[in-house]
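One structure is given below, encoded as structure tokens.
Residue numbers count from 1 along this sequence.
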Amino acid sequence: MALDAWILSAPLRVLRQEDHPYRETTLATLGRHELGLCRRATTSGPGCELFLDGRSIFLPGAPAPERAWFELCRELGYEPARHWDWDPALILFQQVVPALASDWHEAPLALTSQGVPEGVLSLAELRQTFAEAVAALRRELSGPVGAKVVETFEWLPLRAVVFHDDMQLPLDFEGTGPGGRVSLWLGIHHERPVILEGQSPAASGRRWTTGNLEARDPSEAFLAAAGLDPEPPKGFEATLQAALDRLCHWMEAPLDAYRRTYPVGISWHHGRRERLLGRTIVDVRAGDPPRLILDDGTEVAIDPEPVPFWEHGGI
């Protein structure tokens with residue numbers, strides 16, 4: 001795998017492999033952590049068990065890896081808003097496990113068309129559900145305005161789901177108590193996403209809102225993000241809102257199921273301060289404005305002519 005495709009900020013280094021026709025084991029390090037992959041017989045047939053720092057984190061049949069894997073992904077720089085189309089499950093089964101089992105005689109796990117073991121919920125399945133919901137809109141909406149709304153959503157696939165967890169907030173999956181904030185990121189370019197904000201578990205009576213309008217009306221924001229003509233036809237905004245409500249309602253049950261696979265209390269939302277804190281400047285790119293390049297690839301624009309201190313009342 002190309003190094004620039006590796007999501008986590010630490011490399012995986014294989015320490016030892018036991019390569020036998022019917023029993024393979026791989027030990028490796030990932031940053032300061034130890035990983036192990038061992039073939040196991042399961043009730044459904046051959047499979048593998050994954051270990052992190054000596055503790056089992058996945059056996060076939062589980063809906064998701066254990067909490068320790070999510071915490072490691074957070075520790076090693078995974079950010080759903082930056083690493084579109086990936087989540088901890090996909091990182092584990094599409095990147096880490098293939099690297100661990102690269103010399104095995106047989107594939108360690110049987111994977112579905114979504115690239116994960118049977119029964120595991122991942123972002124890939126949620127993205128497919130959203131695409132199916134958009135396809136259903138094309139059958140429901142008629143006329144040129146409806147066609148324009150559907151075209152807009154076809155150019156805005158679901159790319160990320162970000163849970164804004166609070167350590168002090170207990171989530172109620174029975175629908176009678178508080179839910180947690182969640183945002184859905186739609187778009188084709190990182191620079192122009194549309195961010196939908198809501199609750200998961202879903203809160204009754206709460207509507208999803210668009211969270212990054214920056215003083216623009218929703219129609220302009222959606223069309224700009226989709227790369228379409230920014231001049232909407234008459235009636236577009238009302239049809240867009242109705243379609244948005246329909247899509248979000250369609251997504252609530254799958255999103256709640258996906259939410260259950262995530263450990264509660266790990267916040268996946270990174271504010272600007274969190275993204276920059278502790279990073280190292282590795283390059284400077286000339287331009288207007290100049291930009292600092294950080295060690296994780298983030299670009300930070302700088303003011304080439306900072307205002308003197310005395311203009312702010314300093315000495």
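- Aromatic ring orientation, Tyr78 versus His83: parallel (interplanar angle below 30°, classes split at 30° and 60°).
- Atom NE2 of His249 has 12 or fewer heavy atoms from other residues, nucleotides or ligands within 6.0 Å.
- Of all the heavy atoms in Thr261 and Pro63, the pair that sits closest is CG2-O, 4.1 Å.
- Using a 4.5 Å heavy-atom threshold, the side chains of Pro254 and Tyr258 count as separate.
- Residues passing the ring pair (Phe, Tyr, Trp, His ring centres under 6.0 Å) test with Phe70, sequence neighbours excluded: Tyr262.
- Between Val161 and Trp268, the closest side-chain pair of non-hydrogen atoms is not below 4.5 Å.
- With rounding to the nearest 0.5 Å, the separation of OG1 in Thr239 from CZ in Arg246 is 15.0 Å.
- Side-chain heavy atoms closer than 4.5 Å link hydrophobic residues (I, L, V, M, F, W, Y) into clusters, and following such links, possibly through other members, connects Trp86 to Leu12.
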Show the numbers, then the answer: is there a side-chain contact (heavy atoms from CB on, under 4.5 Å) between Glu75 and Arg32?
CA-CA 11 Å; Glu75 174 190 326; Arg32 61 185 181 86; 3.2 Å; yes
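- With a 4.5 Å cut-off on side-chain heavy atoms, Ile7 and Gln95 count as touching.
- The backbone N or O of Gly187 sits less than 3.5 Å from a side-chain atom of Arg159, completing a donor-acceptor pair.
- Hydrophobic clustering, with ILVMFWY side chains joined whenever heavy atoms are under 4.5 angstrom apart, keeps Phe51 apart from Leu15.
- Not one N or O on the side chain of Trp155 forms a donor-acceptor pair closer than 3.5 Å with the backbone of Ile188.
- At a threshold of 4.5 Å between non-hydrogen side-chain atoms, the residues Leu111 and Pro117 count as touching.
- Checked by atom type, the side-chain pair Gln241/Glu237 shows no donor-acceptor distance below 3.5 Å.
- When atom types are taken as modelled, the side chain of Gln94 and the backbone of Gly115 share a donor-acceptor pair closer than 3.5 angstrom.
- For Glu118, the CD atom counts as loosely surrounded, since its 6.0 Å shell holds 12 or fewer non-hydrogen atoms of other residues, nucleotides or ligands.
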Yes or no on side-chain contact (heavy atoms from CB on, under 4.5 Å) for Leu52 and Leu35, after CA distance, side-chain angles and deciding distance?
CA-CA 5 Å; Leu52 174 61; Leu35 282 173; 3.7 Å; yes
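- Panel note: side chain Arg192, backbone Ala224; a donor-acceptor pair is recorded below 3.5 Å.
- Of the N and O atoms on the side chains of His164 and Glu197, not one donor lies less than 3.5 Å from an acceptor on the other residue.
- At a threshold of 4.5 Å between non-hydrogen side-chain atoms, the residues Leu37 and Trp104 count as touching.
- Other residues, nucleotides and ligands contribute at most 12 non-hydrogen atoms within 6.0 Å of the CD atom of Glu34.
- Salt-bridge check for Glu66 with Arg55: failed, with every basic side-chain N at 4.0 Å or more from each acidic carboxylate O.
- No donor-acceptor pair closer than 3.5 Å links the side chain of Thr25 to the backbone N or O of Cys38.
- With hydrophobic clusters built from ILVMFWY side chains whose heavy atoms lie under 4.5 angstrom apart, Leu72 shares a cluster with Ile266.
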